[in-house]
Each structure stands twice: as C-alpha cells, then as structure tokens.
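The structure appears right after this line, and notes come after that.
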Protein chains: 2
Amino acid sequence: MEKGVPIRSISRSIAALKAINEKGSLSMMEISRASRVPYPTACRIVQTLLYEGLIEQEPSRKRYRATALVQTLSHGFQHRDKLVSCARPHIMDLTREVGWPISIAIRVGRRMMLRDSTHSSTALTFENYYPGFTLPILDSASGKLSLAFAADEEREMLLGWMSEMPEVDLDYLRSAQAGLDVEKIRRDGYAVQGRNHYNRTPGKTSSIAVPIFNDGEFEAAMTMVFFVNAMKLDAALDRYLPTLKRYAAAISSDLSGDGGRA
Amino acid sequence: MEKGVPIRSISRSIAALKAINEKGSLSMMEISRASRVPYPTACRIVQTLLYEGLIEQEPSRKRYRATALVQTLSHGFQHRDKLVSCARPHIMDLTREVGWPISIAIRVGRRMMLRDSTHSSTALTFENYYPGFTLPILDSASGKLSLAFAADEEREMLLGWMSEMPEVDLDYLRSAQAGLDVEKIRRDGYAVQGRNHYNRTPGKTSSIAVPIFNDGEFEAAMTMVFFVNAMKLDAALDRYLPTLKRYAAAISSDLSGDGGRA
DNA sequence: CCATTTTATCCGGCAGGCGGATAGATTATG
DNA sequence: CATAATCTATCCGCCTGCCGGATAAAATGG
C-alpha cells in the first residue's frame, strides 16, 4: 500500500455508514448509490456492518438503519469539545427565550456539520437534528456565513474544490456563487436561507445564521431555524437578529476567555 | 465471500476506532494491541482513519484521538431513541436533586453501554462519560443488575460467552460469578459496585444501579455514581436508594405508556 | 399485465491487503 | 550514563480476501 493511501474497503464502509446516518434509513440500492460502490460490494459492506451490530434492518422492510451501538464510534470526542461546552448553556437559554431551535455548525471539508443543537429541546421543530448531521455550504445560512467569513484565498480554493464534487451541477454552482454577496454578509453580520431544502422537511423552514468568533477568528455559525408559515424572513430578522447577535457575542466571549481551563 | 462473514479490514478498523474512543487517545502500539492486529496493519488502519478525518494525531505526541467528524457516524440513531427520550428529563431532574451524575446503560453483547448520562451537567464528577462508553458486566453495578434480571438461560449463555473473551482471566471470572448474588439483587431491586475500576479514575468512585422496566421486562439500568471519599456505600444506599427507585419507576411508567407517541 | 427496478447470489480473477522481518528512535532501568 | 526493552516506521514477497459483471428471481409501478 502507498503511504497515505487509505484501505479502500474501510473508506467505502465509512461512506456507507455516513449515508445511512444522514438519511435515517436506506435501502441496499440507495446505499450502493450513496456510497458509490457496485451493488454486490454494498451488500458485503452492509453484511459487515450488520455483523458488527452497527446497523439493523427495519422490521419487514428492506431498509437499514443505525443502532445505538454507533455511539461507541463517536463518544470519545465529546469530553474535550470546548466549542460545545461553551455554547451549550447559551443556546439552551436562547431556545427557552425564543422558542425556536438553535444549532451550532462548522465547516468540515466541503459541507457544514452540526456540532450541537437544541432541536430535541423544543416543540417548534418538525424533526430533530443531532451533532454529525451535515448540510451543503451554498444552500444553508450557516454555509454562506462560513464562506463569507473565510479568507479570500480559502474561499476561492473551497469553491474550486466544490466544483469537483461529483453530485454538484456546475450550472447550479455558478448561479449559487453569483447569488452569494460576501461583502453584504460580512457587513451585516448574518446570512439567511429561505426555504431550507437540504433537511428532512424541504421547503418548510427558513434560517438565520450569525457568527461565533474565537479570538477574533470565525469559529462557527449559530443558526436559528423557524417555520416558513410562522413568519416571513424579514419579520424574523426584525424580531430576532439582535437577540441572536447578543447570544453569539456571549459565546464568543466565553470561547476567547479562560472559562474552559482547569 | 461466505454469506454473513464480515470484511476483515472493515471489522478491524471498527475495533480500532472503538478502542480510540474508549480510551480518549491511544498510541499506535496500543491501537495494535487493543484491536488485536499486527503493528503494520494497525498503521494502515490508522492511516485510513486519518485520511477520512475521523481521527487526528495529538499535537507533538504519537497518540491518536477522535475528531468531531466521528459524529457523522452516529447521529442518525438518536432521533428515534425512545429510551433516552423518556429517561432524559427524569435523570436531569434527578441530578439536580441529588447532585451526583446519573447514567442509563443497556447490555450490548458482552458489555454494558451507556445510552445517556448527566455527567456533563454536574460538577460532582471527575470525568465526563457519554453515550457509547462501555463497561464490563461483572465489574459494574449496571452489569450485575442486567445479569441478575436476565432469564436464567440467557444468564448462563452470557456467562459462557464471556468465558470466551480473550482478555478475561478465567480465575477472575469464576470468583466474580461466585460473588454475584442474583437472588439478592432481584429481591432488593438494586446492585452496587464498590470502587469502580473500569473507568477513567479507577477506585475513586462507587455506584448503585436500579432497574428500568418496559411492560414488566427489564430494559436498562439507571446508575448513580459518587465519590468514594464522600460517603460509604451503606450510607449512600440509606440516603439515595428510595429516590433512585422512585425516579426509575417514573421512567418505567413513561416507557410503558403512550407518552412518546405523536 | 407488463416493463422496470431492486434484490440476491455466483464465481473467476487479481491486486489490495497482509504480516514477519528489519532498522532506527525512544524510553525505562540499573 | 550505558544498556536493555519497547515503540515506531517501513519494506516487500505472498496469497486470499475482496472485487464486480453477469444472471435470475422478486418486487414495484404504471
């Protein structure tokens, strides 16, 4: 094996497990497509994950879903998660104050990934989203914010990198880039996404994201999600933006201070 | 490939990732030992996990730890976790009442696995433990409880299965079995473990576990952990057992009822 | 009812994955 | 401080574990 070249079947099984987690459950054909492997290979990978107990078949259906055992693959990270330790109390308070769910997301590779959320602590949500859930960059408030606050070179590199993603339509990418007003986002200190599409209830929610800084550097996006039929985007901005900025500033302050040190 | 036989390298990488999560960070040699693969094989697996971004090397140290990205492997399970949905509000209330951390654990294979815990919500703990952390069955309060409430045949099968675990000393297993008073645990409705050894602060804590039922069937163990130097086991039982039983009964009631349905 | 898609399995082929051996670096011990 | 033990890193010949196109049966949708 070449130095640094991954073991193919391991990478493929990771892709399969991520896809199953992302969608909640998938059929074998869907797993094959999502992880870009031939059907017989997907069958073997699924058999291995079943054998390890990480996934199970839904009763009476040819669909596969994660089991509780997947948490043995991820629990080791959490006890040194400074971002979440600082943010968690604040976003719990914020959800109590505004009612809507709040999430914290960072950019990982070419997507945004949730680091924490309060979806499970409010009734004002259609679905619950947990740390690990991912979102596209150009179609989410947090992604646009992250892109806007990136260094110019990093943004160009990232847009170039995204154009290489096999599932991305280049025409779409060009129009999404054209619609991204970096200057305006940086000046206003927020980004929005009308009718979120890339979640489990497409078109039913919209969102507003504000930045969290760590020693002046952009660290994460804090996003409030709300129902499209509850209020218009402009009304949401008028009503909530000041509050969101205030809470994000408090989190930034905690992150930059010595609060987390022993 | 035989039907049902796993892909070897996938199973090995899962073992390695679990071990890294379990200990927080490991050296290459430790990974090799913990996942029972030859050193060069451990190197290749680690390289693959690094390439996938699931682990990283600790700065200036030849030790590897999980990254936030591991959460993409596990988040899909949580949104249909009925046990935790029912238990979470109760154990949060319980930790507020007694101060000590509470955890919910189930048996998975030959070990106990945390499904939820309030360690991160109290100062009365040395370390934080998250869903996915595992414990041995015969050396934890929750494990003894689970074993005691198992059907006789299941218990025999499980004890036999544990004697096949490569890392278990048979002399130790025999003496642990001899010390397990199944009748007493079932009669008293709790199990204890003095000086917990299999956690990150061996010997500094003890624990009491009580059962959670679902329609009369044993479903999970609810455990309170406390400092050895704060009180003796007997004193802890006198002071806390009634409260623990009351909360566990409430969780059992919620689980058995229609509380979780839309 | 028929066309299409999905599920499931087979089996020949080969290169991906393997691990013992080796050398250098680091750590522990006397 | 010297030496032994342990750990890290890599090599390379070997071979079987993993592969995927082909095929048939089952399931689904119009």
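Computed from a predicted structure; not experimentally measured. Every chain is numbered from 1, with letters handed out A, B, ... down the list of sequences.
In this structure, the CD1 atom of A:I7 is 18 Å from the P atom of D:dT16, given to the nearest Å. The CE-P distance, from B:M28 to C:dG24, rounds to 20 Å in whole Å. When rounded to the nearest whole Å, the span between CZ of B:R63 and C1' of D:dT6 equals 15 Å. Between the CD atom of B:E58 and the P atom of D:dT8 there is a distance of 13 Å, rounded to whole Å. The CD-P distance, from B:Q47 to C:dG16, rounds to 15 Å in whole Å. Atom CD1 of B:I45 is separated from atom P of D:dT8 by 15 Å (rounded to the nearest Å). Atom C1' of nucleotide C:dA8 and atom CD of A:E30 are separated by 17 Å, given to the nearest angstrom.
With sequence neighbours left out, the side chain to side chain contact (heavy atoms under 4.5 Å, CB included) criterion links B:P59 to B:R65. With sequence neighbours excluded, no residue satisfies salt bridge (charged side-chain N to carboxylate O under 4.0 Å, His left out) with A:E217. Scanning for side-chain hydrogen bond (donor to acceptor under 3.5 Å, both in side chains) contacts around B:D171 gives B:R174, with sequence neighbours left out. Residues satisfying the salt bridge (charged side-chain N to carboxylate O under 4.0 Å, His left out) test with B:R107, not counting sequence neighbours, are B:E154. For B:S140, the side chain to side chain contact (heavy atoms under 4.5 Å, CB included) criterion is met by B:M112, B:L135, B:S142, not counting sequence neighbours. Taking A:E58 as the reference, A:R61 meet the salt bridge (charged side-chain N to carboxylate O under 4.0 Å, His left out) condition, with sequence neighbours excluded.
Sequence neighbours left out, the pairs with a member in residues 28-37 of chain A that pass side chain to side chain donor-acceptor pair (under 3.5 Å) are A:S27-A:E30, A:E30-A:R63. Within the structure, the side chain to side chain donor-acceptor pair (under 3.5 Å) test picks out the following pairs touching residues 11-21 of chain A (sequence neighbours left out): A:S11-B:E52.
No N or O donor and acceptor, one from the side chain of B:R44 and one from the base of C:dG16, sit under 3.5 Å apart.
No donor-acceptor contact under 3.5 angstrom links the side chains of A:S120 and A:N128, judged on distance only.
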Pairs under 3.5 angstrom only: tabulate donor-acceptor contacts from the side chains of residues 69-76 of chain A to other protein residues two or more places apart or in another chain.
residue: A:T72; atom: OG1; partner: A:L69; partner atom: O; Å: 2.6
residue: A:S74; atom: OG; partner: B:S74; partner atom: OG; Å: 2.8
residue: A:H75; atom: NE2; partner: B:E22; partner atom: OE1; Å: 3.4
residue: A:H75; atom: NE2; partner: B:G132; partner atom: O; Å: 3.3

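Under 4.0 angstrom from either OP1 or OP2 of C:dG19 there lies at least one side-chain N or O belonging to B:R8. Listed pair B:T41 / C:dG19 meets the phosphate criterion, a side-chain N or O lying under 4.0 Å from OP1 or OP2.
The side chain of A:Y64 lies closest to C:dA8, out of C:dG19, C:dA8, C:dT6.
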Quick one: which protein N/O atoms are closer than 3.5 Å to N/O atoms of nucleotides 22-29 of chain D? Pair and distance per line, please.
none

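Rounding to the nearest 0.5 Å gives a distance of 8.0 Å between CG of A:L158 and CG of A:L138.
Helix-axis bend for the helix from C:dC1-D:dG30 to C:dG30-D:dC1: the local axis fitted to the five terminal pairs at one end deviates from that at the other end by 60°, rounded to 10°.
Within a heavy-atom distance below 4.0 Å of DNA chain C, the residues of residues 9-22 of chain B found are B:S9, B:R12.
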